[in-house]
There are 2 protein chains.
Amino acid sequence: MSRVLSGNGYAAAAVRERVLAAVRRIGYVPDANARTLRNRSSRSIGVLISDLRDPFYADLAAGVEQELRTAGYHMVLVNDNGQAHEEMRAVTEFLAMRVPGVILTPVSARAVKTLHQQGIRVVQADRRVSRRYGDAVLGANEAGAEMVTRHLLDLGHRRIGLVIDETRWTSGAGRLAGYHAAHQAAGVPADERLIARNAGFDPEAAGKATGRLLDEHPDLTAVFAANNVLAQGALQEIQRRGVAVPRQLSLAAYDDVPWMSMVRPSITTVSQHSVELGRRSARVLLDRLAEGDPDRGTTVLNLEPELVVRSSTAPPTRNPR
Amino acid sequence: MSRVLSGNGYAAAAVRERVLAAVRRIGYVPDANARTLRNRSSRSIGVLISDLRDPFYADLAAGVEQELRTAGYHMVLVNDNGQAHEEMRAVTEFLAMRVPGVILTPVSARAVKTLHQQGIRVVQADRRVSRRYGDAVLGANEAGAEMVTRHLLDLGHRRIGLVIDETRWTSGAGRLAGYHAAHQAAGVPADERLIARNAGFDPEAAGKATGRLLDEHPDLTAVFAANNVLAQGALQEIQRRGVAVPRQLSLAAYDDVPWMSMVRPSITTVSQHSVELGRRSARVLLDRLAEGDPDRGTTVLNLEPELVVRSSTAPPTRNPR
DNA sequence: CTGTTAGCGCCTTCAT
DNA sequence: ATGAAGGCGCTAACAG
C-alpha cells in the first residue's frame, strides 16, 4: 500500500498525488499508538512534579514542555502533591504508556528505581533521591543558601532565623548546609534553635512557624525562608504583626517568583532560574535518548543560582520589635 | 492465555496465583498503546493552554489535571503561547494520539472545528471561539467586569481607564462589554479614549500602555486592568511613577492571583476561581465521554465570578498627580 | 472453565 | 517499482 508514501519509500508521482489528496480531504493522521506499538518507542515523556500551582514547579514544567515540544515530543504531566503513593501511581501509568523517559521532582527513591529497572531513562530535577539511578539536574542549593546567608552576615546580622520545610531531600539538605557553611566561614556560631524545621508545605503553616520563631527569639534580626511558599507565609506573618522590613527585620528568600519583585520592600532572594532548570532537564533526557542504549555514566548538572539583592535586607538596627 | 486474569474472566485459583506472582516479579504492566489500539479508546486527554507560566492558566491546568487523574485519565499538556499555528500542531498531535477529548483555551475556531469533525469531544475553557462546535466552560466575563466597574462607579469614580489586551475572544469582549454596561447602568458616559486596547501580552507592554493612558488623561482617577498580567504591568508602572494607590489612583484587576493579596495596598479584583474553572471543564468532558455517542445539545457553563474588594480602590480625592 | 485466534493500524521485509 | 504479509501487545469472541 501507499502508506510508504507517508514516510519514505518509492512511489509513482501520480499515485503519490492521489494519496496525498485523499489524506488531506479526510484529514487523516497516522495513529501514534499503532506506531508506538510497532516501533516500540513513543514520543510521550512523563513529567511528574509536586504542585503545578507553585510557580517554581510551573516554571520548571514550562521549561520542560518548551524543550520537548521543540524536539517533537509531548509532555504527560502529573501532579503528585508530594505524595509517594501518587508518585508510584503515575510511574505505573508511565510504564504502561511505554514512555522512553521521565522527568520528575522525585519524592521516593522507589519511583526512580522502578523506572530505571524497566529501562526507562530518568532525570531527577531540582532534587535527587537516588544516587544510583538516573541523571539529575539540580540547583546548587548549598552554594545558593550560602550566598544569601553570607549576604546577611556581611550586612552585620548575627542572629539569623531559618524557616525550612524539610531537610531530607537534597534541596532542603543543601540549603541547610549552606546556611551552616556561611556561618562557619564567617566564624559566627550557628544557633540550632534559630532553625524552624518542618515549617510546613503551605503559607499558613509557614507563617505560624515564623511567628513562633519570632516569639521565642526576640533577638532575631533576619529571617531566611528556604523557598517561595515559606517566604510567602513568613512575609504574611511579618506583615500581620506590623514588623517593619527591613528596619526591624531583614527577610531573604529562595526561588525568585514574580511577587517578590512586586511587594514593597521587594524581596532579596536566590533565583534558581527555574525555567532553565526545566529546559536543561529536558535536554539531558533528550540527549540520553539520542545516544544509543549504553549506560555510560550518570549526568549530574548543578545549575548556579544567582543572588538577587533587593530591598528587604539591610544592616540590623536597634529594633524594638 | 491467562491475561484474562488481569481483567475479568475465569481462572483457577492456582493458575491465577502463579500468574500474579510472575507479574509482580518482573513488574509487568499492560501496554496502554496496544490496549488503545485494540479498544479504540485512550485514557489520554489533550489539554492546550496559552501559557503555563501565567498563574491563571497554571491553576486552570491544575484543576483539569486533578479531576482527570481522579477519573483515571491523564493530561497531555501543550502550551501554544497563544499562537494559532502551535495550536494546530498540537491538535494534529492529539488526533494522532486518538485522544477521546481535548480541553483548550482556544485561539482559532479552526482548531475546535477540526477536532470536532474528527469526532473528538471538545471543551472550550475560559473563552469560546466557536459557537457551533464543542462544549464550553466560561467565566461570566461581562458580569464580572460590570461588578468591578460598578464598584468603582459607586465609589464615585467617573473617569475610569480600561487596560485590555484583546477584545476579539469572548473573554476580552465580555470584559469590555461589562465595562460599558456598568457605565450605561450608572448613567455615566463611557469615554472610548480611556480604553487602552491592544495593551500587549506581557507586563512590560501593559506598563507602557498604562503609562500612555495616564499621560494622556490626567483626569483619570481609576484604572481597571482586565487580567492579571495587565494588572502586573499597570501596578509596576504606577509604582515606578510613584503614584499613590488608592489616594491618587484606584486600581482594580481581573483574575485573583497570589501577589494581589500580598502587595500593599492589596488589589481589588474579580476572582474567576480558576482551579474550579479547570475542574468543571474536566467534568463536562468526562460526562460527555461517559454518555454514549449521541450529539445531544451543547453544554455551556458560565461560572459566576466574585468581586474581591481589597485596599487598592477607594473614593477619588483631589489628586495632584 | 480454559486455550486459541483474529485483528486493531502501523512499518519493515519479502515477493512479485 | 509496487503489492502482500507478518507481527508489535492487547482483548473479545470462540472452540475445545
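Everything quoted here is computed from the prediction, not taken from an experiment. Here is the naming used below: chain letters follow the sequence lines, and residue numbers restart at 1 for every chain. Note: hydrogens, waters and symmetry copies are ignored here, and every other heavy atom, side chains too, is used.
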Minimum-distance nucleotide (side-chain atoms of A:N39 versus D:dA12, D:dC8, C:dC11)
C:dC11

Any donor-acceptor pair under 3.5 Å linking the side chain of B:N79 with the backbone of B:N81?
no

To the nearest Å, give me how far apart CE (A:M97) and P (D:dG9) are.
18 Å

Among C:dG9, C:dC11, D:dG9, the nucleotide that comes nearest once only the side chain of B:R38 is considered
D:dG9

Could you tell me the separation between the CG atom of B:D31 and the P atom of C:dC8, rounded to a whole number of Å?
18 Å

Side chains of A:R279 and A:S274, donor plus acceptor under 3.5 Å
no

Quick one: label B:N33 by what it contacts on the DNA or RNA (base, sugar-phosphate, nothing), any heavy atom closer than 4.0 Å.
nothing

Sidechain N-carboxylate O distance under 4.0 Å for B:D287, B:R283:
yes

Rounding to a whole Å, what distance do you find between B:R35:CZ and D:dA12:C1'?
13 Å

Could you tell me how far apart A:L37 (CG) and C:dG9 (C1') are, to the nearest whole angstrom?
9 Å

Any side-chain N or O of B:R40 below 4.0 angstrom from OP1/OP2 of C:dG9?
yes

Are B:R43 and A:E93 ion-paired here, with the side-chain N under 4.0 Å from a carboxylate O?
no

